[in-house]
Colleague: 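Take this structure first; my questions come after.
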Amino acid sequence: MFLKIIIDSIRFSAIYLFGSAGETITEKSGHLNLGTPGIVCIGSMGSMIGAYFYISISGGNTIPFLSVLFPLLFCVLFAGLAGALFSFFAVTLNCNQNVTGLALTTFGAGLLPFVASSLDGEVTASFATKIVKPISHLFPKTFYESNWFTQLFFSYGIFVYLGIALAIAIAIFMKKAKTGLFLRTVGENPAAADAAGINVNRYRYLATIVGSAISGIAGLFYTFDFSGSMDTSSLSGYGWLALSLVIFTMWNTELGIAGSFMFAFLYISSKYANSTPAGEQLVSIIPYGATILVLVLSSIFSRKLGKAPAGLGVSYFREDR
Amino acid sequence: MANKSILRGEPVIRISRRADISWKGITIVKASSILCAFLLCGLLSTIIAPGSFFSFYGGVFSGTFVNFDTTLATLWDAAILLLIAVAITPAFKMKFWNIGAEGQVLMGCLGAAMLMKFLAPHVPNPVAIILMLVLAIIFGSIWAAIPALFKAFFNTNETLFTLMMNYIATFIAAAFSKANKAVGSTEIGTINISGHEGWLPNLFGKDYILCIIIIIILVFGVWFFLKFSKKGYEIAVLNGSVRTAEYVGINVKWVTIRTMLMGGALCGIAGFLIVSGSAHTIGGNVVNGRGFTAVMISWLGHFNPLQMSLYALLYSIITIGGGSAAGDLGYSADVATVFSGIFFLIILASEFFINFRLKFNFHRKKKEDDNPPSETMVEGSK
Amino acid sequence: MEKELRVELKGISKSFGRVIANQDVFLKLYSGEILSLLGENGSGKTSLMNVLAGIYYPDEGEIFVNGEKVIISSPSDAYKYHIGMVHQHFKLVDTFTAIENVVIGLNKHDYRAIAEEEGEKYRGFNLKQSAKRMEKMCKQFGFKLDPWKKVSDMVVSEKQTLEIVKALFRGVDILILDEPTAVLTPQEAETLFGVMKNMKMAGKSIIIITHKLNEVLEISDRVAVLCKGKVTGDIMTKDANEEILTEMMVGHKVDLNIDRKDIKNTGVRLEIHDLSAKNREGREVLKNITFELYGSEILGIAGISGSGQKELLETIAGLNKETHGDIIFHNPKKEQPVTFFHKNIKQIRELAKQEKFHLKGQTEPVDLSKYSNKQITEMVKNEEIIFYEDEIMDIKNKKPIEIRDLGIKLSFVPEDRLGMGLVGNMDLIDNMMLRSFRKGKGGMVHREAPKELAEQVVKELEVKTPNLSTSVKKLSGGNIQKVLVGREIASRPKVLMTAYPVRGLDINSSYLIYKLLNKQKEKGTAIIYVGEDLDVILALCDRVLVLREGEISGVLRCKDTNKKEIGLLMTKKKEMTEETANGQ
């Protein structure tokens, strides 16, 4: 029972991990993308289209590798496009980031159920065997079901491992790589970055597109791994939690691994715990409450704890005085 | 030639901030963007259901204005949105990014629903309704005051704070609903379905009319407050600059908290109207994202109640009408949210032409070396 | 060493909306020289240099570097031509270390070039290698800076050094320094000048933006003077002196015909004693200021800008929290009846207990305790209760609103008209009530009086505006100033402080302002006039107080002094003229 909760939590945490890792990259460039829930939805939509497309062209004879690749490619493509759309509004058109993000969330959250319901039911019915299976388990069942150890570490789909690897890679990139340093500069002080010869707009575009593409994978994961169904009603809610996870981890994706597990554990255990439905709802508050606590503490002890990127949410126009 | 390769870096389009734009210019930009948004929705519908371009608009119209009841429902939807948008406007005007309207309204809903459930059946209806209103106001303003206090004293980021408060409110409301579930259900369902205790009375035999009237009065009141009261004037000064506010002796912290208290109270009233006037239930979804939509409406309406009411109405038409048109044409009604997303994005993009001016210098490229540089000016608006 | 032409600007123009920052500017820079760009605030020095550094793109004009025409559309373009700028507001990331700030923006080919130059192996992005180079560079030019220190732990002068190192690290040959000494102590400035000379020796060209004449004469080889966006003079420093430069800066000397009336002053109005203050960054900006201000006098305040003028006025107005010393206001109430203007019955009773009042026609102190509130109200209304002496109030560390609540009519025309004195988005009527909107009963604002006032100001000061509901930001600079001054004068102040009230105004508007100030003087107002034009100060003011680096370097009677004497006081240390410090 306890093992099951832990395993499910680790699985579920991938949604938050992808969502928050992508948004961290975006926010490091100074873009507060409130469109993240929408982008997660668009990622999910993209993966559905990819799966649908692959099943259609393969005529039903699918290979596991391509069953993973096609949804992933389409997911990244669509989510990246949504990131480009956000950047176009926030950078090129100099629009308010909050409003742009909210509009994008509205757009994405509407698009997903619409597309999901428009797809041919016969094809989507075959998703479960042809797409969900290869995505949700990387190792053969006979292998991971042998004992508790293999269950705990090897019973997941490829994206759980990918998410953890990505979170670590992003953390190293931000701290060690030259481009990471430049990206942080853009987010901290765009005017300084500009004066130092960094192309602020290009960095913001790229970071937002890449970040959105990664956030979008959260949608793919939910649709084809965790839930394995076309039900999408709660997806944008997870998107908001991913956004709060970014704050909770103080913009550190390596902490996001633990943070996403914590958020996921709270969610999963409240489902398993023999509590009332109302109690379950109250447990769901904890992640948000904890995020607020981190937010408040970081503003009070800003010198010690570090802060949000100083240029977060501020659009930059060079000739402004 | 070395010279040429260097000159390649010359920008062809340059963007510069506009000093000001005439009232006429704004109207043209806005009107064409609204037109553009509606056209795009029609085109999208045509792509989904070929040949449906005109029947789409027919569907939109029939879904919203064909009879008095649907018109009333559309107006009610627009009115409640407008009220929430107006409630957050004072905070926006002083550059306080309150995107927590969703939660503040929801807490208002909760306050009203609690009394509706437990008190209303035992007291006369007017007493119950007044007490519900009071508790809704208290809940809403407490929810708004918390982030304001932290902003004033610790400069905590209010955008993220208010955002988180929304979800806490959502789960509290959902928990209340589940803790008081109706027989044979997991949720509370319609409260006082038989006796209608704590429900706002019908006016002329129709729902919504009383609510719409109340909202119109409130919106007018806020407009009046912002324009003619001393406290509203202080907000306008803060909109100018904090330095000016200090120069004239305005206590910036206190004004921040006070304004948020007021906004929260108005959100509370909106919550009360939703619960008592329309939904008669409570749950995490009862506000249905209106708090977020209102943020966009307030911003795009330039904090002007008249413009905001236009956008609120257009939004309601495009979502309600779009949904019903989709039903008529036989595709998913979820498309309504897509339409509203397109609507907001297009209007938002049009802001660019109001704030910025484009300069093209096409013929710089081919000009002779010794010619003086010259530029053509092109107005940004289409 | 033969000097080669490094940079040439030809016909540069740049405007922001309706504001023209630069108009048809021509400028040359030679190798191995230090060029001063001299001009008053708002004369377009910084925006011209921002054009050269790639921050602004010019509307018109051409830039030549080493004889070739170039397009500089971004700061990285500027670096390509070895042009770097140290901005007045540093462009540093606080959370990064020094070396991280230095290397941001450097690319592969930059590192390759650096490695080549140093004769080392190319190792790409490598902080340790970069830090080594930075330390070497510091040694060469005489900086002291730890590469691994965080910017947030640095003091201002270190940050500035870092900015210069950042530029030099990129192999900049043309370095622009924007008001580098504004944030430095004199000692730090000397160090900076030493570094600049070292750089000059190394063949680099430096442009220093400043408005301080002494610096120009000390450090530069050549001076270009900007006035109202245009170059008005270009002169070798060895041929220049302060007078010549001043004339270039403010344009040709005009015959000022300001009618100064000699009125007997009406007693001390404001008494400043040993006042010191710090600015927001914690730097001491005012030191031991002591002076008195009298009714019916205009006290000019002269000094090179940034000498504490703005801070002095803001401190008196109650906008600065970090202050020491006394600011004492003498409310001219001697033999005047008490009124209900900011005094209620309780306060009047309290003052009566302290024997501050007598009844009209009597000399004995009046005992109000035997009267009822109603009777007192009646007596006040009939102006029967009379003050013996002026009211004396300490307003140090009081907020603007507390000062007003004491009944002190203190008006302040700040330097930043739209950022502080007025709200640009509001119309004329609303701006008129900015300081008085709390007046009147109830929670509503009363727009009748402000409207009348706006009408009056528009009519009397000849404000050119389409109507009263036009946003003030749409008016021209002169008209904006008229609105501001008009409002401040309308409250019939006892003390009126004005900071650069005629800056950016044409000659007619300027005269109008002078006339208004003189009228106030006749009414008994004590006026402080902070100005930059010494001719105006000499003609308009009764006394002039000269500030230098936050200290008073002299107080002179305008009738008995001249520009030269003031100019010397502006730049030289304290030479107090004791007898004039106490006024007439």
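Chain letters run A, B, ... following the sequence lines, proteins first, then strands; residues in each count from 1. From a predicted model like this one, the values you see are computed outputs, not experimental measurements.
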Colleague: Does the side chain of B:Val335 come within less than 4.5 Å of A:Leu111's, by heavy atoms?
Modeller: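 Not in contact.
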
Colleague: Do B:Ile168 and A:Ile292 make a side-chain contact, defined as non-hydrogen atoms from C-beta onward lying under 4.5 Å apart?
Modeller: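 Side chain of B:Ile168 against side chain of A:Ile292, heavy atoms only: contact under 4.5 Å found.
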
Colleague: Taking the side chain as C-beta and beyond, is there a heavy-atom pair between A:Thr106 and B:Phe292 under 4.5 Å?
Modeller: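 Not touching, per the 4.5 Å side-chain cut-off.
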
Colleague: Can you tell which part of A:Leu85 gets under 4.5 Å to a heavy atom of chain B, answering side chain, backbone, both or neither?
Modeller: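 Only the side chain of A:Leu85 comes within 4.5 Å of chain B.
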
Colleague: Where on A:Ile286 is there a heavy atom nearer than 4.5 Å to chain B: the side chain, the backbone, both, or neither?
Modeller: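 It is neither, since no heavy atom gets under 4.5 Å.
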
Colleague: Is B:Ile99 close to chain A through its backbone or its side chain, or both, or neither, when contacts mean heavy atoms under 4.5 Å?
Modeller: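 Looking at B:Ile99, just its side chain touches chain A.
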
Colleague: With a 4.5 Å cut-off on side-chain heavy atoms, are A:Phe114 and B:Ile48 touching?
Modeller: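 B:Ile48 reaches A:Phe114 side chain to side chain.
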
Colleague: I need the A:Cys95 SG to B:Ile347 CD1 distance, nearest 0.5 Å.
Modeller: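 Spacing of SG (A:Cys95) from CD1 (B:Ile347) equals 11.5 Å.
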
Colleague: Rounded to the nearest 0.5 Å, what's the gap from CZ on B:Phe171 to CD1 on A:Ile285? Could you check?
Modeller: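 Taking CZ in B:Phe171 and CD1 in A:Ile285, the distance rounds to 7.5 Å.
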
Colleague: Nearest 0.5 Å please: distance from the CZ atom of B:Phe352 over to the CZ atom of A:Phe88.
Modeller: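 Going from the CZ atom of B:Phe352 to the CZ atom of A:Phe88 covers 8.0 Å.
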
Colleague: Where on B:Phe161 is there a heavy atom nearer than 4.5 Å to chain A: the side chain, the backbone, both, or neither?
Modeller: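 Looking at B:Phe161, backbone and side chain both touch chain A.
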
Colleague: Heavy-atom distances under 4.5 Å only: say whether A:Thr291 touches chain B with side chain, backbone, both or neither.
Modeller: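 Only the side chain of A:Thr291 comes within 4.5 Å of chain B.
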
Colleague: Sort out for me which of A:Thr92, A:Leu295, A:Leu34, A:Leu93 touches chain B most, counting heavy-atom pairs under 4.5 Å.
Modeller: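 Counting heavy-atom pairs under 4.5 Å, the top option is A:Leu93.
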
Colleague: Picking from A:Asn96, A:Val115, A:Ile247, which has the most non-hydrogen pairs under 4.5 angstrom with chain B?
Modeller: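 Most heavy-atom pairs under 4.5 Å with chain B: A:Asn96.
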
Colleague: For chain A, which of B:Asp334, B:Thr337, B:Thr159 has the most heavy-atom pairs under 4.5 Å?
Modeller: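 The option with the most such pairs is B:Asp334.
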
Colleague: Examine B:Phe356 together with A:Phe317 and report whether their ring centres are nearer than 6.0 Å.
Modeller: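 So the answer is yes for these two rings.
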
Colleague: Select one option (side chain, backbone, both, neither) describing which atoms of A:Leu32 are under 4.5 Å from chain B's heavy atoms.
Modeller: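 It is the side chain, since no backbone atom gets that close.
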
Colleague: Which of parallel (below 30°), tilted (30 to 60°) and perpendicular (above 60°) describes A:Trp240 and B:Tyr167?
Modeller: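 Because their plane-to-plane angle lies in the 30° to 60° range, the rings of A:Trp240 and B:Tyr167 count as tilted.
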
Colleague: Between OG1 of A:Thr100 and CD of B:Glu351, what distance do you get to the nearest 0.5 Å?
Modeller: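 If we round to the nearest 0.5 Å, A:Thr100:OG1 and B:Glu351:CD are 10.0 Å apart.
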
Colleague: Check whether any side-chain heavy atom of A:Phe89 lies under 4.5 Å from a side-chain heavy atom of B:Leu345, and answer yes or no.
Modeller: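 With C-beta onward as the side chain, the pair touches.
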
Colleague: Heavy-atom count around B:Asn285 CG within 6.0 Å, excluding the residue itself: above 12?
Modeller: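 At most 12 heavy atoms, drawn from other residues, nucleotides or ligands, come within 6.0 Å of this atom.
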
Colleague: Looking at chain A, which one of B:Leu163, B:Asn157, B:Thr293, B:Val295 has the largest number of heavy-atom pairs inside 4.5 Å, strictly under?
Modeller: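 Maximum pair count with chain A is reached by B:Leu163.
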
